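As structure tokens, the structure follows; a few thoughts come after it.
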Amino acid sequence: MPPGHMSHWGAFTPAVDARGEVVSARGSELDPAPSPLLGNLVGSLRHRLRVASPMVRRGWLERGPGPDPRRGDEAFVAVGWDEVLDRLSAELRRVYGGRGPEAVFGGSYGWSSAGRFHHAQGQVHRFLNSLGGYVASVNTYSAGTSEVLLPHVLGAGPEILRSLTSWPLLAAHTELMVCFGGVPAKNTAVAPGGVTRHDTDGHLRAMAARGAEFVLIGPDRRDLPAHLPSRWLPARPGTDTALMLALCHVLVTENLHDAAFVASHCTGLDRVLPYLTGASDGVPKSPRWAAALCGVEADEITALARAMASRRTMVTVTFSLQRAEFGEQPIWAGVLLAALIGQIGLPGGGFGHGYGSVGDNGFPAHKSPLPTLPQGVNPVREYIPVARIADMLLDPGGAYEYNGERRRYPEIELVYWCGGNPFHHHQHLARLREAWRRPSTVVVHEQYWTPAAQHADIVLPATVTLERDDIGSSRTDPFLTAMRACAAPYELARDDYATFSDLAAILGTEKAYTEGRSAAEWLRHLYDGWRDGRPVPDFDAFWAAGRVDVAVPAPSILLADFRRDPAGHPLATPSGRIELHSEVVASYRYADCPGHPAWLEPEEWHGSARAARYPLVLLANNPASRLHSQLDFGPHSAASKVDGREPVRIHPLDAGRRGLSDGDLVRVFNDRGACVGGVVVDPDIAAGVVQMATGSWLSPVAGVEPLLCSAGNVNVLTRDTGSSRLSQGCAGSRALVEIERWPGEPPAIAADEDR
């Protein structure tokens, strides 16, 4: 049989020609909806943007380590593997032998490969741990705000996000799904580790066929599939919390809430009620109050609250709402709303955070561990919230608050980055570029000349997933997949394990890192360890067959045991109950995250003073044409562009006022920077709002300040600030901007130029 493979966007079979190039990628025969992102693989293995050999920035090569304002601008010099490993090992000895592991930041983000062994994040962390450790990051850009908040409210963070009520139970029981931020189909194509079957849309169709109704709350009509019977309430960006509070106001003032459930399963409503009614601040959080903020009519809000109280209702909130200033509030308010309805723990009802935010949310997860490369133990206790990397590099020793602690940023001398492109997922990229020039050395392993590679000192060429053997599996997939190599490594590229093994041998830690195993021996070892006690084929039979069945749990209901017996199955909160008001959070005295859900006016929204200068709210969300910034040059991604630039969706009224038409190139700007985009006029985006996806590779135009990206990287515009002092999560999903037609010839895109 032809070699199969797994990617974060699904299982597939590649066709590779005699040159070692992908000419097609066919989704699994088991997949009812293969992801179109597979099309980006075509032409990717021998692409001219591959890193062909070890490269060292000329300035670092000639002047040695040190902070350098030229990092990101200077040319690179090709060197041999022996030389680069000698130079890099000497630099690692210098830093570890001097200021120690507390001066090394182990950067990585977990989307590099779907393989369980050649997982870049696991590889770099294992290697750095063998040297003595590193400064780590915690939480995620995707849901870092929720990961800190939800333990205070529901007693668990990532576990809650992976334990949503299963889609089949929604399909069978849900009568009304109220979708704050929608259930975006583009996101369900992607899941960490991949899925063999993309089933989310099938379950949505089953819900609709049974008579379920959907309400989409948010400024982008495309955030819910068009085929669903739905009502669109285009609330202004950043006002979801106000609308939720108004729904709660209706429930309590009309006595529609489930008082018995709140009394038996929740705590803190007595602290929230005075805020809802206005007794504590003189402002009732009524539908009329919310309508002025969110742009949804008061009668619509009242009618929706009554419908939610009378039907089996699922309240779902996307990850995007918490990637914003005060992002804790819509999540907490969503829990409050679901608790008042009283359906938490019932089939098809309650609260769900992340339906549609990633393709495996809403599917039961494996209870036992998957084959995983051990990372060892990191003895370094220093860490940062993941979205605070620029703060750390710009302000070593600076104080900050996080989840009740007062912490200080470590002083980083060496950044070792393996897997991921920080110049995609971080915000305010002019600020990140400045921060990136502060360490003495930046090392990356890269397959392509991404912006991360362009801003490094040492670039080590890495293989791509189709050039190496691995095991594919994910937290919900019912198969282990044999990811068989189908092409030779490009030029001088090596897999991360080979590179780290050579470095470990030079540095004297080879035994700790490799444990005496080759990559092939590790695959067999990991599989055999996972297989122990399971009635599954041995490794050779698995490898020959291409996949093996993995048992997954039956569909489940979020917090069902807690609902049935709150005393016998208490939550891991101080009260053991759902904390509608948290005494712990209140004790931190954070004005930007009080002890219960509240409306806090963001700095950048339609109602702020900045809107007079930058009147459009930009939605900077995940792309439909690629996974984050991966394979941005791929055919599917490229087909979405407008003259090679990221498209900007704009309402016809806003386009008309600016004299813009489909296909026009525009300058999207604010005081942080600007980027070039291509206009797509679209009535499915609310007036006063524009949408521009993240992920175009940063292409700075030389000599232009503030930073101008010719390719349309939206994160030159977004604000680099924590969502609050509680979580310090990413707040980059929205920004205020203005748009104007690009005058004359547009600037060249750096990624289009030969290196």
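Here the structure is a predicted model, which is why all the values come from computation and not from measurement.
Side chains of S733 and S320: no donor on one and acceptor on the other come within 3.5 Å. In this structure, a donor-acceptor pair under 3.5 Å is present between the side chains of H198 and D31. For the residue pair R626/S640, the side-chain donor-acceptor check at 3.5 Å is not satisfied. No hydrogens or angles considered: a donor-acceptor pair under 3.5 Å links the side chains of D632 and S637. Between the side chains of N621 and Q691, at least one donor N or O sits under 3.5 Å from an acceptor N or O. For S625 and K641, the side-chain atoms include no donor-acceptor pair closer than 3.5 Å.
Between A611 and L736 the shortest heavy-atom distance is N-CD1, 3.7 Å. Taking all atoms of both residues into account, the shortest heavy-atom contact from G678 to L665 is CA-CD2, 4.0 Å. Taking both residues in full, the closest heavy atoms of S53 and L492 are given as CB-CD1, 3.7 Å, listed atom of the first, atom of the second, then distance. Contact detail for L41 and V22: the closest heavy-atom pair is O-CB, 3.5 Å. Annotation for V716 and L698: closest pair CG1-CD1, 3.8 Å, computed over non-hydrogen atoms. When every heavy atom of P234 is checked against every heavy atom of A686, the shortest pair comes out as CB-CB, 4.3 Å.
Remark: N139 engages E147, V148, Y402 in a side chain to side chain contact (heavy atoms under 4.5 Å, CB included) (not counting sequence neighbours). Qualifying side chain to side chain contact (heavy atoms under 4.5 Å, CB included) partners for D360, counting only residues two or more places apart in sequence or in other chains: A191, P192, V195, V358, R475, T476.
Q322 places a side-chain N or O within 3.5 Å of a backbone atom of S146 that can act as its donor or acceptor partner. A side-chain donor-acceptor contact under 3.5 Å links D17 to the backbone of G20. No donor-acceptor pair under 3.5 Å is formed between the side chain of W9 and the backbone N or O of P36. In this structure a side-chain-to-backbone donor-acceptor pair under 3.5 Å is present from S108 to C418. Looking only at distances, a side-chain donor or acceptor of D457 sits under 3.5 Å from a matching main-chain atom of V442. Side chain of R672 to backbone of L717: a donor-acceptor contact under 3.5 angstrom is found. Side-chain atoms of R221 do not come within 3.5 Å of backbone N or O of D684 as any donor-acceptor pair. Listed for the S723 side chain is a donor-acceptor partner under 3.5 Å among the backbone atoms of G729. Using modelled atom types, no side-chain atom of E646 and backbone atom of G644 make a donor-acceptor pair closer than 3.5 Å. Checked by atom type and distance alone, the side chain of D240 never pairs as donor or acceptor with a backbone atom of P330 at under 3.5 Å.
Side-chain atoms of L660 and R741, non-hydrogen and from C-beta on, do get closer than 4.5 Å to each other. A heavy-atom distance below 4.5 Å is not found between the side chains of V190 and S35. Counting only heavy atoms from C-beta outward, the side chains of L393 and F105 never approach each other to under 4.5 Å. Side-chain contact between R645 and S710 is present, with at least one heavy-atom pair separated by less than 4.5 Å. Contact check for S661 versus V681: no side-chain heavy atoms found under the 4.5 Å cut-off. The side-chain heavy atoms of R222 and R649, taken from C-beta on, include a pair separated by under 4.5 Å. Looking at heavy atoms from C-beta onward, V689 lies in side-chain contact with H606 at the 4.5 angstrom threshold. Annotation: side chain of P219 is in contact with side chain of L619 (closest heavy-atom distance under 4.5 Å).
We find the SG-CH2 distance between C294 and W605 to be 9.5 Å, quoted to the nearest 0.5 Å. The CZ atom of F12 lies 7.0 Å from the CE atom of M483; values are rounded to the nearest 0.5 Å. Here the CZ atom belonging to R48 is positioned 12.5 Å from the OH atom belonging to Y448, to the nearest 0.5 angstrom. Put simply, CZ on F214 and OG1 on T316 are 11.0 Å apart, with the number rounded to the nearest 0.5 Å. Rounded to the nearest 0.5 Å, atoms CG (N421) and CH2 (W111) are 15.0 Å apart. Considering CD of E604 and CG of L618, their distance stands at 9.5 Å, rounded to 0.5 Å.
Of the candidates E467, E491, E446, R50 forms a salt bridge (Lys or Arg N to Asp or Glu O under 4.0 Å) with just one, namely E467. Screening D220, L224, L216 for a side chain to side chain contact (heavy atoms under 4.5 Å, CB included) involving W232 leaves a single residue, L216. A side chain to side chain contact (heavy atoms under 4.5 Å, CB included) with P489 holds for exactly one of V464, T463, D495, L45; it is T463.
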F669 and E740: CA distance, side-chain angles, deciding distance, side chain to side chain contact (heavy atoms under 4.5 Å, CB included) verdict: CA-CA 9 Å; F669 66 96; E740 62 186 15; 3.8 Å; yes

Stepwise side chain to side chain contact (heavy atoms under 4.5 Å, CB included) test for H445 and L460: CA-CA 5 Å; H445 294 199; L460 302 181; 3.5 Å; yes

Candidate pair L616 and E738, rule side chain to side chain contact (heavy atoms under 4.5 Å, CB included), full reasoning: CA-CA 6 Å; L616 298 172; E738 180 57 288; 3.9 Å; yes

Residues Y109, S137; criterion side chain to side chain contact (heavy atoms under 4.5 Å, CB included); working and verdict: CA-CA 10 Å; Y109 211 58; S137 61; over 6 Å; no

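Ion pairing between a basic and an acidic side chain is recognised when a charged N comes within 4.0 Å of a carboxylate O; D671 and R610 show such pairing. Using a cut-off of 4.0 Å between Lys/Arg side-chain N and Asp/Glu carboxylate O, E705 and R433 are scored as not salt-bridged. A salt bridge does not link R468 to D496: none of the charged side-chain nitrogens sits closer than 4.0 Å to a carboxylate oxygen. Between R46 and E21 no salt bridge is recorded (no basic side-chain N to carboxylate O distance below 4.0 Å). Between R657 and D654 a salt bridge is recorded (basic side-chain N to carboxylate O distance below 4.0 Å).
Ring geometry for F423 versus W436: interplanar angle over 60°, hence perpendicular rather than tilted (30 to 60°). Using cut-offs of 30° and 60° on the angle between ring planes, the pair H424 and H628 is tilted. Ring geometry for H426 against Y141 counts as perpendicular: the plane angle is over 60°, on a 0 to 90° scale with 30° as the lower cut.
Among pairs with a residue in residues 38-59, those fulfilling ring-ring contact (aromatic ring centres under 6.0 Å, His included) read H47-F633, at least two apart in sequence or across chains.
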